[in-house]
Amino acid sequence: MIPPRVPFRQRAAQALADPALRVALDRAVDHFTTGRARAMASLPGADALRDHACRVRAHTLSRLDHYLAQFAEAVEAAGGRVHWARDAAEANQIVLDLARSQGVKLVVKSKSMVSEEMGLNHALEAAGVEVVESDLGEYIIQLAGETPSHIIAPAVHKTKEQVGQLLHEKLGIPLTHDPVEMTAAARAALRRVFLSADMGVSGVNFGVAQTGTLCLVTNEGNGRMTTTLPRLHVAVMGIERLVPTLDDLSVMLQLLARSATGQKLSVYTSLLTGPRRRPIDPGQPGEPDGPDELHVVLVDNGRSRILGSRVAEILYCIRCGACLGVCPVYRQIGGHAYGSVYPGPMGSVVTPAMFGIEDWADLPHASSLCAACRDVCPVRIDLPQLLLNLRDEATRAGKSPRWLRWGIRAYRIAATSPTRFRLASRLATWLTRPIARRGWIRRLPPPLSAWTDYRDFPAFAAKTFSQQWRDRR
Amino acid sequence: MSQLHRESVLTAIRASLAKVVLPDARYEPPARPSPPTREVPTDPADLRAAFVAELQALSGQVYSPADHAEAMDILLDVVRGCEAEVAIAWDEAYLPLPGVWEALAAAGVRVLDSTLPPSSDEPAHAARLAELEQATVGVTGALAGLADTGSLALPSGPGRGRLASLLPPVHVALLPVARIVPTMAAFFASHPNVVRRSSNLVFVSGPSRTADIEQTLTLGVHGPRELHVVLLASAL
Ligand code: SF4
């Protein structure tokens, strides 16, 4: 991922100034958070189940080499082909080679964050292969030439008015603000794509090591279409997305849909084990439909390195998106301001960990550390702690923000001598007295305005703590 | 080529695991954890009631006919209701209600051959798909129902394609009540080989839906807009 040229603060400021984005976020995000809360409440023993899910993830990752090898073997035993990619470029090349060797002209895709991370669409299009996204939200942003702003609701930043206008322009349908009409138009357009695509590319929600099964969940049915109709199915998955057994899968599925959309289970939970089965004996019937070939591309792209880092825990993530909706920062600025395919608290950890802290040092600061993300995370990732670990890494790499370095240096000068500290606090009290109103300071001169531009600062007490201490004695 | 990368990925993983700092795996890999047990209904009447309530909450239509004749009437009513002229159906052998194909034909509905020719025969493959796309209704059985989520378990296999529950806008599933199990975990326990036998096992929970435009619920995006489940009192 290439980091944006504009720094995060500026991107955030731009997002805050966008009135349509505020409308879209306000309309949508509450649906997610209340839906999730309701669904979790309906799950008996939810807390114990989350503890358990966390242990399953820890267990799997602590034996990832074993489970990955087992998974690959099982996929091949079921008739699939497994490809290993160390980085995004290799993964793209594998898909591209498959497309080329089989004369693929049209690829239909079901939503996949890994493929976004790889920039797969771009790689395919550059090679002259047409790619169409089939998840409605992804389709909308593909038509708009944008990137997803949420890992499960890619077009959450768009109002229905904007979507109506877009479909009117791109599909030539009459202008409408009715989501039902818009959906019908997209369905018709995508049907034609499904029926003529040569290759379907999907992500994978979970791979089951024991059976070589790919689990894919969608609500629209585009995942089923993508993995059933084209003659080739290529599944791209991060190497961390494994569970040992079907039982573990059923635990994860209870949490995934509830955390993501507030459903007990997504509408379609597909378990794919190998390609369409041929007849066991000639003359006997085989399966009537399904792809002739199934390819699984296992993508490392930094994951094995993260496994040995101080943020290894982020690999537990099941990409439910719950931490996005509850994050006060995400709720204000939306996904694009993060500048990465992975936004929100989870993205602020994944992005620097995967693509390098040097280029993404400002993301771990895109958090107030309120810990709402940790509270909702179904696999109990301690996101605030991971953000702090990354801030620490950034400082060690000499990449902490300038204001922080200077501020800390100034504080150290003041705080390492009682005299200087006393002097500094008196000075601060005295200087701010004329601008404090009812206990709050609303505006400070630069560079301190960086604080007061966005929040008030409590006024200093008339007497410093050490003065009061002395008075009481 | 891929084998080479296999080793380098696995080696990188092992190198990282050697210095792993995963909170729950610090000293040695944790043993396989067993999930917390929870109370689930086991009484058939409770299971059935839970299944029906969940599926209805997901906009699925559920019917409980008294006998096979009534079940067939319901099926034909749905078919007439959507003015179906063409249908896709599982083979008779996998439908828990005898005589479906015949009854559909008698009602003037053409049931298509839903076996796709091999994709190497491109024209035939494309022609069959185009034909199947015309179907208004798909009729399937179901291997099981999951009570706690109102889901149907549909395995693929000879005579049981994926398309019948996917392409047509209306899906009718015939489910013997005795096949309703409490949870997905219970289903896997009673069908341990199901994913080995089927390239595709799908749990269907209600009609296709999206909320991608401003979280407004819309039914029937890519999959069926209507899901009708006919509960049959006795299994075959
Ligand atoms: S970090 Fe947790 S809450 Fe956030 S997306 Fe991942 S699993 Fe969901």
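In what follows, every chain begins at residue 1, and chains take the letters A, B, ... in the order their sequences are listed.
Smallest separation of non-hydrogen atoms from A:N222 and B:H222: CB-CD2, 3.3 Å. Between A:R187 and B:G223, the closest heavy-atom pair is NH1-O, 3.1 Å. Counting all heavy atoms, side chain and backbone alike, A:P288 lies closest to B:G161 at CG-CA, 3.4 Å.
Using a 4.5 Å cut-off between heavy atoms, A:A77 makes no contact with chain B at all. Looking at A:R305, only its backbone comes within 4.5 Å of chain B, counting heavy atoms on both sides. Contact annotation for A:E90: only side-chain heavy atoms (C-beta onward) come within less than 4.5 Å of a heavy atom of chain B.
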Next item on the list: Begin with the C-alpha distance, continue with both residues' side-chain angles, and end with the deciding distance and a verdict on side-chain contact (heavy atoms from CB on, under 4.5 Å) for A:Q263 and B:R209.
Entry: CA-CA 12 Å; A:Q263 294 166 281; B:R209 63 156 88 186; 4.0 Å; yes
Note to self: Between B:E54 and A:K264, is the salt bridge (charged side-chain N to carboxylate O under 4.0 Å, His left out) condition met? List the steps.
What the structure shows: CA-CA 9 Å; B:E54 291 297 337; A:K264 289 182 178 164; 2.7 Å; yes
Checklist line | A:L68 and B:L10: CA distance, side-chain angles, deciding distance, side-chain contact (heavy atoms from CB on, under 4.5 Å) verdict | finding: CA-CA 8 Å; A:L68 209 49; B:L10 290 178; 4.2 Å; yes
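One distance of note links CZ of A:R63 with CD1 of B:I13; it measures 14.5 Å at 0.5 Å rounding. Atom NZ of B:K19 is separated from atom CG of A:L307 by 9.5 Å, given to the nearest 0.5 angstrom. For the atom pair CE (B:M184) and CG (A:L253), the distance works out to 5.0 Å, reported to the nearest 0.5 Å.
Residues of residues 267-278 of chain A lying under 4.5 angstrom from chain B, judged on non-hydrogen atoms, are A:V267, A:Y268, A:T269, A:S270, A:L271, A:L272, A:T273, A:G274, A:P275, A:R276, A:R277 by number. Listed in order of number, the residues of residues 187-207 of chain B that approach chain A to under 4.5 Å between heavy atoms are B:F188, B:V195, B:R196, B:R197, B:S198, B:S199, B:N200, B:L201, B:V202, B:F203, B:V204, B:S205, B:G206, B:P207.
The greatest number of non-hydrogen atom pairs below 4.5 Å with chain A, out of B:L167, B:L129, B:L152, is found for B:L167.
Side chains of B:S120 and A:R231: no donor on one and acceptor on the other come within 3.5 Å. With hydrogens and angles left out, the side-chain atoms of A:E220 and B:T210 include a donor and acceptor closer than 3.5 Å.
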